[in-house]
Every structure is written in C-alpha cells, then in structure tokens.
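Lettering of chains follows the sequences in order, A, B, ..., and the numbering in each one begins at 1. The figures that follow rest on heavy atoms only: side chains count, while hydrogens, waters and symmetry mates do not.
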Amino acid sequence: MIASVIVDVPAKQTDRAFEYRVPESMQGLIQRGMRVVVPFGPRKIQGFVVGFPEQSSFKQLKDIEELLDIVPVLNQELLSLGLWLSQETLCYQISAMQVMLPAAMKAKYEKVFDALVPIDDLPQTIIEHMDRNGQLTWKKGTENNLLRDLQTLVTSGEMELRYEVKSKAKKKKERIISLALSCDHAIEVIQSMSARSEKQKKVLHMFLQSENTPLPVKIVKEETGATSATIRTMIDRGFLEESQKEVYRDPFEHREFKRTKSFRLTDEQQQAIDPILDKVDDYSHETFLLHGVTGSGKTEVYLQTIDKVLQQDRQAIMLVPEISLTPQMVERFKGRFGDQVAVMHSGLSVGEKYDEWRKIHRKEVNVVVGARSAIFSPFERLGVIIIDEEHETSYKQEDTPRYHARDVAIERAKRHGCPVILGSATPSLETFARAQKGLYYLLTLSKRMNDQAMPHVSIVDMREELRKGNRSMFSRDLLEQLQLRLEKNEQTVLFLNKRGHSSFIMCRDCGYVMQCPYCEVSMTYHRHSEQMKCHYCGHQDRVPVICPECHSEHIRYFGTGTQKVEEELATLLPQARVIRMDVDTTSRKGSHEKLLAAFGEGQADILLGTQMIAKGLDFPNITLVGVLSADTMLHLPDFRSAEKTFQLLTQVSGRAGRHDKEGEVIIQTYTPEHYSIDLAKSQEFEAFYKHEMIMRKTGQYPPFYYMALITLSHENVLKVVAVCEEITSLIKQKLSSQVIILGPVASPIARIQNRYRYQCLIKYKQEQGLKPLLKSILNDYQSSKKDSITIQIDVQPYMMM
DNA sequence: AGCACGCCGACT
DNA sequence: GTCGGCGTGCTC
C-alpha cells in the first residue's frame, strides 16, 4: 500500500506529493487528511496524507514512520479546499493546509544526539550536558561548543544524531484520583486505621459518599484539607488510584452567560430572513447581502438563521472582524446557544485556540464565532456561513496564503450547499456591485429597531476654526457639546484616526522629520519609553534634541496621538474622567475588556481611542460621538481611501444613541466638501455608492477591474528595478491588450528593513492565462538562495503598501 | 527548508 | 597538499 504525502517543507521544489510505503501496522487505520511523520532525506518531518495511489513510478519507496492521528485532521472537503486555496492564492499546498489548522498543530523539529553505548563510557564533558534521558539536543551542543566532540562520537558509533518531530499541541491534563478498593473493603480499612490517620479517613469517606466517582486531586485537597503527601501515601498503600484526565482550557471559565430567547422579528427582518431560510431548507447555495443600517437588528437575523440550522442538525460559522473587541457579540451567542458555541479569536492563547478547535473537530459544538481563520472550522454539515461587517479589511489575510475569508466562505458554502450571509451597514463596493448585478441576493433592513432615530450628524470645518483663531484640536462646537454631556452625566466617545497621525518628530525650522534608517517611513515617538520607534522593522533610536539637518533646537514632537489629545482634554476639561484606549493601554491580555467594562459602568465620561473603538461598542449612555479629524485616512495612497473613510464615519456615528436617548455626532474635518464626508453626514450609502462607482470606473479600479500586485524587494535598488522591468515586459507580452499594467513603480513604502521595494500592478477583467503566468513568474524568480530577490504576489490585494 | 556534494581560493 | 567558503541540486 502506497500513500502520497504533502511534506512540511514550504519550497517550490517540494510543493508536490511524495510517495511512501504504508507499513502493515497502519493499514486499515490510515486515512487521507491524517498527519504522518516521514523520513525525508536525512531528517524526519511531518506531512499530510492526501491519497493512496495504486502504484508508484518511484522505485525505492521509504516507509511512513509514524501515524499522528486517529481521526483525520483535514476532512475530504478541507483537503480539496486546500488545493483550491493554493491555486487561488498562488501559495504552496502545505501553507494552505497549515493555515486551516490551529497553530499548535504545526510541527516543531529538533535534532538530538543519543547515546549508543552505556552512558558512563562517554566523555564527562558530554555527560554533564545530557538530560535525564541521556539525550543532548543539537541546540545545547552548539551552545556549549561540543559539536566537535559529538561529531567524533557519531563517527565512532558511540552516539547517533536523530531528527525528531515534536508536536507543540499539548493537551491540558488534570490529575484525577479514584478509590482503588471496593466500598466494603474501604470501610474495613477506615475501621482498621489508627486515630492519627484522620485526613486519610476523611478522603476515603469522601469517595464513599460520592460513590467512588473519580475526582480531581485539586478538589479532594480543598474538600478534605489533605495534602499532597497524604494522597501520595494513600496511592502508595494502594488505597487510591491515580490517572490523568484531559481537560479543555476554557477562556470563559469564570463567566456566566444569561440565557436568552429569540425576539419576535419585525416585518422587515422577517422579509429578510425568509429567503435565507428557504435556502437552508433546500440545501442550496446562495450569497445574500444583508444591508442593514446600524441598529437594524442584523444580529437577530443571524441568530434565528443559526437556530434553524441547528434544528436541522447542521452547523454554522459566524465570522466577526475581531471578536475580542466585541465581547458583547460573544455574550449574545453564548447566551442563545450556550455550550454549543466555540469561540476563536486572536486574543486566545495557542493552547486555548487548539482546545476550541478540538471541540469542533470532535463535534462537541455546532456553532463557531470567530475571526478570519475560523472560516476553516472542520465542520462537516454546514448550514450557513455568516460574515458580519463584511466590508472589514481584516478578512483579508496579509501574509501567505493571502486569502479573503469572503471568497473562502462562498467556496465552502458551494461545496456544502448552504447560504452565505454577508452583513453590513456599509458594504464594500465589490459586494454591493455584485448584489446590484444580481450575483448576490440583496436584502435590506432600512429601519432601526424600536424606531430609534438616526443620530444627528454635523460636520465642522476645521479651516474655519483656524481662521477664527481656534488652534486647538477641539472645535468650539465639540467642546460645547462635551461640556453639555458632562453636565448631564452622559458619555462621550472621541475617535482619533490614528493612521498617518501618530506622533512623529519634526523640526519647526527646516521641516526635517525623523525617518527610520532602514525603512522609508517616519519614526514614531513613544512617550513611555522616551524612544523613537519604527513600526515596520522595530528599529529604536533616541529622541533627537537638536535637528540633525539644521542643528535647530526647535525640533519637537508633532502630530496628534491619543496621549496628546488626552493632555489637551485635561487642560480644557479638567473635571472630565477619561479612559484612553490605544495600543499602549490595551497591549496586556484582557485589558481591552476591562477598559470597556469600566466605561460601560460609567466610571468615565469620555472614551478616547483609535480604530479599535469603532466597532461593537453599544452602551446606552453614549449620546455624543466626536471624530477629531475625519480626513487623515482620505489622503492615504489607496484607491479605497474614500470608501474606508465613509465606512468608518458611518460606523462611528452608529455608536451614538443606540437606545432611548438621542445621539449626536460631530465630525471635524479639513475637507468638508469631500463626498465621503458629506455623504456620511446624511448616511446615504446608495448615494455614496453611486459616486464612488463613477470614481472607480474612471480610475479603472475594482469592482470594474480585478487586480494582482507583484512586489519585489532587494537590497540593491538597481537589481529590483531591473527585475521588475523584466517581469513587467513579460506580462505585457503574454497577456491580452485589455490588461492595464501600472509599473514598475516604487512601493508606497519604498524600503523596509533596508530592502528596496518595487511593484507592478496588473488590472484585468478576464484573463485566462493570468494565473498560470503568475505561477511561472513565481517559479522563475522565487528562490531560497540568499542575496536573491524576494517576490510576492497578491491576487486581489487590499493593502497596496 | 535543510543538507550533501562539489568546485575554487588561502592556509598549516 | 587540505580546510572551508558557498553555489547547485535533491529529498519519495
């Protein structure tokens, strides 16, 4: 029996199946989608079984070394999805498989020296560095400068070098004890015990009372006051038995979720859900765009759809942009579906993610709520896939495999015969265009639930403020409203668009801005460490006191970081209690939730933060939302900047007045006439859509064109430019005249970690030969050699940097 | 990705 | 003459 295996070596030359003999012992056990350990050259590596060919053209097949799973970790559907993913995103097959599994399952490799003779016969220098098992790792050997000696020992046959595959996936174990005696016997033992063995008696009584159910050691100790020593003795004397039980790490261990029931849907919601449920009933695929204004009750539509899916004994995936940011969403799902729900997000530890994944794999849950990678949850009978806030850019993975969760969702749903729901108040242009064309089924929720009024949005022209002599970051309007909230004891959210506005150092005399010496970006000033830092390569530097260019002393910290806003707030409104949320204050695990909870409990008047507070914030007492400068995002070199600005402003505005109190939104800007800001004021999505579509058409951008971005980087500028030109002309030659090629041009970030970056952007409508061409370009230019060009291809890129 | 093999320069 | 630099090709 022969198995073909995709090996864990991400390189172009190994991006194919290798064949192995299946040893007798594994036959009847081994299945496609299981992980194995195989010999590969001199080492041992992990691989995935993908098939069982009848015969092999290869003469000298090696045996599979070890079978790592009892149940396949990738089912048939995921295996074929992996192949699709690798073709679609031009990545290696092994990378596609790896991305579908939790990080904990990625194999680790270690080289170990093992003694072949009695350990005492080895030199003392070696012995003293060995571990208990008489092994010495390669790493330790290098650290202690023993490689020479080890080499001699290996050649003389006294030691051997082995390549080990280590699994990082550790299952959490708990020590369990149970009675090793029959109940009658235990009673006898108690009676025969001396009076001094009081603790032991107590333990035995405990087991008799619980009818000898095995109990965790921890519990027994707490209940009886017995110590580890007591229990040890009892085990030694044969009264108790010890075993290990696997337990799940529960990220929500100390949280109670109130059970909730379905709400009655409004007419509008009912009209939206009916066509979805029809598709669920038919086991047929359809992509729905659920376009609903903020507060229109999209979530209830999701919940009731999932309810239906569960009734049919099927499963559901619900994607959210970044779940740790929306504990309220977790709450709603756990509340409705209880322990049927697994939660997957980046805030979990590797082990916690692994445990949540295993709950799905073992069919212990039927619903997954999670971020992007949750789209690969190993369900076998999907009934619906929901993507909330469909327009969010975090659904696109920015490193290989560069997939978009939306595309994967639709591909999976086709295979399972189930609907996809894309929900948003501000759908991406691509999605809305598809809905308009009839490729997606458009569902609209135009009314807010409970007839809440939409918040009142006003725009403040900051140029006008400046003319009036107001040089502060706060317009008079905003300050006035802020004061009003303080008096009324209501809350405010202040939103600062961080991109392009983080604090940098600038010389007021000559305009010098401190740049990273290795990357073409300004360095950011970090207050708490009093250092300059590069966000791309992490390079740190001292804060300059005099300008290195003109030696002026007027060099200072510039820009509007959240810290600076906080300081200004403290001067303007000293009585206000402010909670600041940014990278600095939320870096510790769980601090996010804590800060939000504190704000929810009314411990502060103002919540000040960046992007991260734009989502999922839903507190009744927020009646004012201020956007300090709406246009920082608008000037980024990105054709989606207007779309992103509109989405963000709409999103942020939705935070105000979600309950019975009326909300007020103030947007400060230097370009009030820009359509994305003007239309965000009136929250007219369709008007914005029409305008933006015209811009995209003239600019020849998506959704009118598809795109592919090739980025090259190398230390030598000339080399990058030369290769980029070569590739560009090759593309021009091979593709049709319909194709528009921009490049070679320097990337918006022209240098990172001292490597110059050039790119070539391909815009196309229909191009059969594109994928094969890109694949061959990768093949020709991608190489593992050092000092060679790095090539990166992103199909449908989101970040143009 | 590793690792062995193999071909050239600078050393005891 | 050999040691060691890294460029090339292979791994079932």
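- Counting to the nearest Å, the P atom of dG2(B) and the NZ atom of Lys44(A) are 16 Å from each other.
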Q: Would you sort out whether Phe18(A) and Phe40(A) count as a ring pair (Phe, Tyr, Trp, His ring centres under 6.0 Å), showing the intermediate values?
A: CA-CA 9 Å; Phe18(A) 285 79; Phe40(A) 198 64; 5.0 Å; yes

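- Looking at Arg162(A) and Glu164(A), a side-chain N of the basic residue comes within less than 4.0 Å of a carboxylate O on the acidic one, giving a salt bridge.
- We find the OG-OH distance between Ser394(A) and Tyr798(A) to be 10.5 Å, quoted to the nearest 0.5 Å.
- The side chain of Tyr163(A) has dC3(B) as its nearest neighbour among dA1(B), dC12(C), dC3(B).
- For Ala11(A), whose side chain is taken as the heavy atoms from C-beta onward, the closest listed nucleotide among dC3(B), dA1(B), dC12(C) is dA1(B).
- Rounded to a whole Å, the CG atom of Leu161(A) is 14 Å from the P atom of dG2(B).
- Between Gln13(A) atom CD and dC3(B) atom P there is a gap of 16 Å when expressed in whole angstrom units.
- The phosphate of dC3(B) has OP1 or OP2 within less than 4.0 Å of a side-chain N or O from Lys111(A).
- As rounded to whole Å, 4 Å separates atom C1' of dG2(B) from atom CZ of Arg43(A).
- A donor-acceptor contact closer than 3.5 angstrom is absent between the side chains of Arg757(A) and Thr711(A).
- When all heavy atoms of Ala104(A) and Val350(A) are compared, the pair lying nearest together is CB-CG1, 3.5 Å.
- Between dA1(B), dC12(C), dC3(B), one nucleotide has an atom nearer to the side chain of Pro42(A) than all others, and that is dC3(B).
- Heavy atoms of Ser56(A) sit nowhere under 4.0 angstrom from any nucleic acid atom.
- Nucleotide dT11(C) holds its P atom 18 Å from the CG atom of Asp8(A), rounded to whole Å.
- For Gln46(A) and dT11(C), the CD to C1' distance is 17 Å, given to the nearest whole Å.
- Computed from coordinates, the Lys108(A) NZ to dA1(B) P distance equals 17 Å when rounded to whole Å.
- We find that CD1 of Ile45(A) is positioned 10 Å from P of dG2(B), with the value rounded to whole Å.
- In this structure, Phe58(A) reaches the bases: a heavy-atom distance under 4.0 Å links it to at least one base atom across the strands shown.
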